[in-house]
2 protein chains.
Amino acid sequence: MILTEGKTKHIECLEQMLPIRDALDVISGKWKMLILTSIMHGNRRFKEIETSIPKINPKVLSKELKDMEEHQLIKRVVHDEYPVLIEYIATDYSRTLKSVMMELHAWGVNHRKKILGQ
Amino acid sequence: MILTEGKTKHIECLEQMLPIRDALDVISGKWKMLILTSIMHGNRRFKEIETSIPKINPKVLSKELKDMEEHQLIKRVVHDEYPVLIEYIATDYSRTLKSVMMELHAWGVNHRKKILGQ
DNA sequence: CATACCGCTTACGTTAAGGTAACTGCTTAC
DNA sequence: GTAAGCAGTTACCTTAACGTAAGCGGTATG
């Protein structure tokens with residue numbers, strides 16, 4: 001029955017698309033995955049993260065860090081000491097993004113090779 | 001030697017970040033991965049793709065299709081027949097994105113579960 | 001006590017992404 | 001011959017992302 005088949009395909013397709021959009025809502029933009037990479041590499045302090053990412057500026061970094069905290073990808077930790085120390089750390093939840101990041105990285109490496117090879 | 005270690009870490013971190021940015025340059029935005037999903041599900045014609053993606057409009061679809069053709073993710077095929085028929089088809093190259101899309105999808109499903117569960 | 005570092009914020013742009021509505025040229029259907 | 005479908009385009013507008021430059025309150029350093 002063609003009508004049913006069409007509808008099924010349509011719904012299947014939507015079920016594929018919507019979670020992809022949900023994921024992209026969280027990770028897309030120029031900076032978030034770079035910031036997460038930086039933090040996962042051991043950079044914890046604002047200045048450390050800032051200098052580890054080429055061309056980022058403090059305003060953008062500040063805003064992205066807030067977004068990422070809302071999405072529970074990082075946690076802002078204030079150490080109440082003499083020179084007040086602030087650290088950003090990756091949450092366990094953010095580690096669920098690791099395979100996404102690895103796939104992005106692998107594809108990016110290949111893509112760059114393809115672009116340069118032309 | 002601390003200086004060397006710091007520099008190595010820094011470079012390692014950059015080598016992780018730059019390909020991720022390259023990949024995101026190609027796939028990010030609200031629509032590209034949805035369009036690719038639609039095409040991979042068998043939608044080939046402009047109207048088919050348009051109606052398969054909620055809330056997209058023809059202007060945006062047209063622009064994204066052009067971008068994606070430039071990036072060699074799809075091919076626009078004109079069938080020179082009586083009612084001129086135009087089809088968009090996924091390239092072999094676009095299929096290299098499949099694992100990225102699967103990871104995004106899986107993460108998105110999980111993320112939605114987490115958001116709703118709160 | 002000037003200078004500089006840290007973790008930002010503020011004010012003020014610019015650019016790009018995305019949206020709305022209407023319309024075009026072509027074809028076929030009633 | 002009017003209406004409707006296809007594959008878009010055009011003009012116009014809003015929103016959000018991103019960028020620049022400067023500064024601020026605190027601490028520590030010479």
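Chain letters run A, B, ... following the sequence lines, proteins first and then strands; every chain starts at 1. All values derive from a computational prediction rather than experimental measurement. The figures that follow rest on heavy atoms only: side chains count, while hydrogens, waters and symmetry mates do not.
- Of the side-chain N and O atoms in B/Lys66, one or more sit less than 4.0 angstrom from OP1 or OP2 of D/dT9.
- Between D/dT9, D/dG8, C/dC8, one nucleotide has an atom nearer to the side chain of B/Ile86 than all others, and that is D/dG8.
- Checking C/dG19, C/dC8, D/dA28 against every side-chain atom of A/Pro83, the shortest atom distance belongs to D/dA28.
- The side chain of A/Lys59 sits closest to C/dA11 out of C/dG18, D/dG8, C/dA11.
- Residue B/Ile56 forms a side-chain contact (heavy atoms from CB on, under 4.5 Å) with just one option from B/Ile49, B/Leu34, B/Leu61, and that option is B/Leu61.
- With A/Lys32 as reference, A/Glu64 is the one residue of A/Glu64, A/Glu70, A/Glu69 to meet the salt bridge (charged side-chain N to carboxylate O under 4.0 Å, His left out) rule.
- When each of D/dT9, D/dA7, C/dT9 is scored by its nearest atom to the side-chain atoms of B/Phe46, the top-ranked nucleotide is D/dA7.
- Spacing between atom NZ of B/Lys30 and atom P of C/dG18 amounts to 7 Å, rounded to whole angstrom units.
- Straight-line distance from the CD atom of B/Glu50 to the C1' atom of C/dG19: 13 Å, rounded to whole Å.
- Among the nucleotides D/dG19, C/dG7, C/dT9, the one closest to any side-chain atom of A/Ser62 is C/dT9.
- Atom CD1 in B/Ile56 sits about 12 Å away from atom P in C/dT20, given to the nearest Å.
- Distance alone, capped at 3.5 Å, is enough to place a donor-acceptor pair between the A/His41 side chain and the A/Thr37 backbone.
- When each of D/dT9, C/dA17, C/dG19 is scored by its nearest atom to the side-chain atoms of B/Lys63, the top-ranked nucleotide is C/dA17.
- Of the candidates C/dT20, D/dC18, C/dC8, C/dT20 carries the atom nearest the B/Asn57 side chain, counting heavy atoms from C-beta on.
- Side chain of B/Thr91 to main chain of B/Gln72: a donor-acceptor pair is present (N/O by atom type, distance under 3.5 Å, no hydrogens or angles).
- For the pair B/Ser28 (side chain) and B/Asp25 (backbone), a donor-acceptor distance under 3.5 Å is absent.
- If you take CD of A/Glu64 and P of C/dG7, they are 18 Å apart, rounded to a whole angstrom.
- Comparing D/dG19, C/dG7, D/dG8 by their closest approach to the side chain of A/Arg45 singles out C/dG7.
- Following rounding to the nearest Å, A/Ile74 (CD1) and C/dG7 (P) show an atom-to-atom distance of 14 Å.
- Contact annotation: A/Arg76 reaches the phosphate of C/dC8 (side-chain N/O to OP1 or OP2, under 4.0 Å).
- Counting any heavy atom pair closer than 4.0 Å across all strands shown, B/Lys55 reaches no nucleic acid atom.
- You'll find that the side chain of B/Trp31 is closest to C/dG19, out of D/dG19, C/dG19, D/dC6.
- Using the six-membered ring where Trp is involved, B/Tyr93 and A/His111 have ring planes that are parallel, under 30° apart on the 30 and 60° scheme.
- Across all strands shown, A/Glu48 has no heavy atoms under 4.0 Å from either base or sugar-phosphate atoms.
- Atom CG in B/Asp67 sits roughly 13 Å away from atom C1' in C/dG18 (whole-Å rounding).
- Taking atom NE2 on B/His79 and atom P on D/dC6, their separation rounds to 16 Å, with Å as the unit.
- Nearest-nucleotide positions on DNA chain D place B/Leu85 closer to the 5' end than the other of B/Leu85 and A/Gly29.
- The CD1-C1' distance, from B/Ile35 to D/dG8, rounds to 14 Å in whole Å.
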